[in-house]
Amino acid sequence: MTTTSATDDVLARARQRATPLRRALIAWFAREQRELPWRATRDPYAILVSELMLQQTRVDVVIPYFERFMQRFPDARTLAAAPEAAVLAAWSGLGYYRRARFLQAAAHAIVDEHRGAFPRSHDAILTLPGVGPYTAGAIASIAFGLPVPLVDGNVARVLARWFALDGDQRSSADQKRLWAIADALVDAANPGDFNQSLMELGACICTPRAPRCSSCPVARECDAKKLGDPERFPAAKPRKATIDVRLAVLAVFDAKRRIGLVRRAAGTRMEGMLDLPGLEIAADDDAASELARHARSAFRIDARTLELAGRARHTITHHRIAIEVWTATLGNGTSAKGSSVREPAPLGIAARPDAAGLTFWDPARLRAEGVANLAGKALRIVGIAHARHA
DNA sequence: AAGACGGGGAG
DNA sequence: CTCCCAGTCTT
């Protein structure tokens, strides 16, 4: 009731201001927009790749990944035909690795369900794996010029300031309101540029902290500025408590100086990526004995002479992980026969994410494999570089 | 509706 | 250190 009338009110204000906002924003965008690699094309596949990479990830981080990825997988058919390991390798260091599998699944859907032609309707785009309301709006408006809105973190903040919305943006009611406002504002004649200009404003001018209102092309239309404290909008999200985790991992080498790695299992984080064997332990656990026991029970490996090679810290979402990297030698009687230790299969076969065993890898071959940054830090401690791409 | 997911860069 | 980013999917 109250919500409905408040929504009606803000929608009326949005419609009132729509024309000046569109004009000012699009003119500003034409003048000031950053040159970004995915803005040089209207290829919907390229837009899809960029949008998946940009989910929860900053532009500056994405740029080199996008360029490498497009060079390696220039179209949906190439991506669909590629080994999953190659796709994960291209994603190494970018995070949210699930997105890489979604993207390849989307490529499969384009090839198998749309005969290789990128779907052109908003509804069809929305059915692609990894594509939610935001990404569908982005592809539909930017690549196909469809007059649909989009709301991402930037747009939500800009709208909250323009209309002085201080509700909880995560609530479904507020989400619905933001999308309704964006829908009322979107420029049907130029939806792609309008949507991008909204995001560009949020990224470059209307920043979370210290917004550059003096450079804002639409400052006159901003309710939050009139109220004197634009930074107050939107309301801050309650933060989650950080959880401390102690992680012990084992670096075990075979006679050829290959390192034993596991493939992250389905249903776990970093699924499909290579990782060092290891386990979470309690603060008062003895890491060496826990690792030895784990190696025996999980891999039938007789890990001996454990030594602490080094430590690293890694923070993911609200987990603060203290990593301990231990080296070990293999005791007598540990061999491929009678254990779950296996020779690495050729690329593509070794990439099966359900492979639970330990496989031994020549460090030089790891470049062609997905390794998350968490494992990358541990590998660096034992002298194996798997940088966030060279 | 809430939680999981990876990581980094800015302030 | 804290915040939060061109979000989506699962439970």
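Proteins come first, then strands; the chains are lettered A, B, ... in the order of their sequence lines, and each starts at number 1.
- Using a 4.0 Å cut-off, no side-chain N or O of A/H319 falls inside it from OP1 or OP2 of B/dG6.
- A/V131 comes within 4.0 angstrom of sugar-phosphate atoms only, judged by non-hydrogen atoms across all strands, and of no base.
- Residues A/F299 and A/H294 bring their aromatic ring centres within 6.0 Å.
- Summarising the geometry, the separation between CZ on A/R99 and P on B/dG7 is reported as 11 Å, rounded to the nearest angstrom.
- Taking the six-membered ring for Trp, A/F69 and A/F73 have ring centres closer than 6.0 Å.
- For the OP1/OP2 pair of B/dG6 and a distance below 4.0 Å, the side-chain nitrogens and oxygens of A/T57 include no atom meeting the criterion.
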Working note: A/S171 + A/D168, criterion side-chain hydrogen bond (donor to acceptor under 3.5 Å, both in side chains); need CA distance, chi angles, decisive distance, verdict. CA-CA 6 Å; A/S171 74; A/D168 177 4; 5.3 Å; no
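- With both ends at atom P, the span from C/dA6 to B/dG11 equals 13 Å, rounded to whole Å.
- Counting to the nearest Å, the P atom of B/dG3 and the NE2 atom of A/H318 are 9 Å from each other.
- At the heavy-atom level, A/T135 lies under 4.0 Å from the strands shown only through sugar-phosphate atoms.
- Whole-Å rounding puts the A/K240 NZ to B/dG6 P distance at 14 Å.
- In this structure, A/R170 and A/G267 both approach DNA chain B, and ranking their closest nucleotides by distance from the 5' end singles out A/R170.
- Remark: the separation of the C1' atoms in C/dC4 and B/dC5 is 15 Å, to the nearest Å.
- Across all strands, A/T207 comes closer than 4.0 Å to no nucleic acid atom at all (heavy-atom distances).
- Within the 4.0 angstrom heavy-atom criterion, no nucleotide atom of any strand lies near A/M53.
- Within the nucleic acid shown, A/L52 has no heavy atom closer than 4.0 Å to any nucleic acid atom.
- The same atom, P, is picked in B/dG6 and in C/dT10; the two are 14 Å apart, to the nearest Å.
- For A/N373 and B/dG6, the CG to P distance is 12 Å, given to the nearest whole Å.
- Here A/W38 and A/F66 bring their ring centres to under 6.0 angstrom of each other.
- The nearest pair of heavy atoms linking A/D223 to A/R13 is OD2-NH2, 2.6 Å.
- From the 5' end on, the contacts that DNA chain C makes with chain A at under 4.0 Å to a non-hydrogen atom open and close at C/dC1 to C/dC9.
- Mapped onto DNA chain B by nearest heavy atom, A/T315 and A/R209 fall at different nucleotides, with A/T315 at the one closer to the 5' end.
- Remark: A/K225 NZ is loosely packed, at most 12 non-hydrogen atoms of other residues, nucleotides or ligands lying under 6.0 Å away.
- Per the geometry, CD1 belonging to A/I63 stands 12 Å off P belonging to B/dG9, to the nearest Å.
- Side chains of A/Q169 and A/R157: a donor-acceptor N/O pair is absent below 3.5 angstrom, by distance only.
- Among the heavy atoms of the strands lying under 4.0 Å from A/R157 are primed sugar atoms or P, OP1, OP2 only; no base atom is included.
- With B/dA1, B/dG7, B/dG8 as the candidates, the nucleotide lying closest to the side chain of A/A372 is B/dG7.
- A heavy-atom distance below 4.0 Å to DNA chain B is reached by none of the residues of residues 179-201 of chain A.
- Along DNA chain C, the nucleotide nearest A/W38 and the nucleotide nearest A/L126 are compared for position; the residue whose nucleotide lies closer to the 5' end is A/W38.
- For A/K226, the NZ atom sits in a packed shell: over 12 heavy atoms of surrounding residues, nucleotides or ligands are nearer than 6.0 Å.
- A side chain to side chain donor-acceptor pair (under 3.5 Å) check over residues 127-137 of chain A, counting only residues at least two apart or in different chains, returns the pairs A/E51-A/Y134, A/Q55-A/T135.
- At least one side-chain heavy atom of A/I316 sits under 4.5 Å from a side-chain heavy atom of A/R269.
- For the pair A/Y96 OH and B/dA4 C1', the interatomic distance rounds to 8 Å; values are reported in whole Å.
- The local environment of CD in A/E231 is crowded, with over 12 non-hydrogen atoms from other residues, nucleotides or ligands closer than 6.0 Å.
- The separation between A/I243 atom CD1 and B/dG3 atom C1' is 11 Å, rounded to whole Å.
- Atom CZ in A/R98 sits about 11 Å away from atom C1' in B/dG6, given to the nearest Å.
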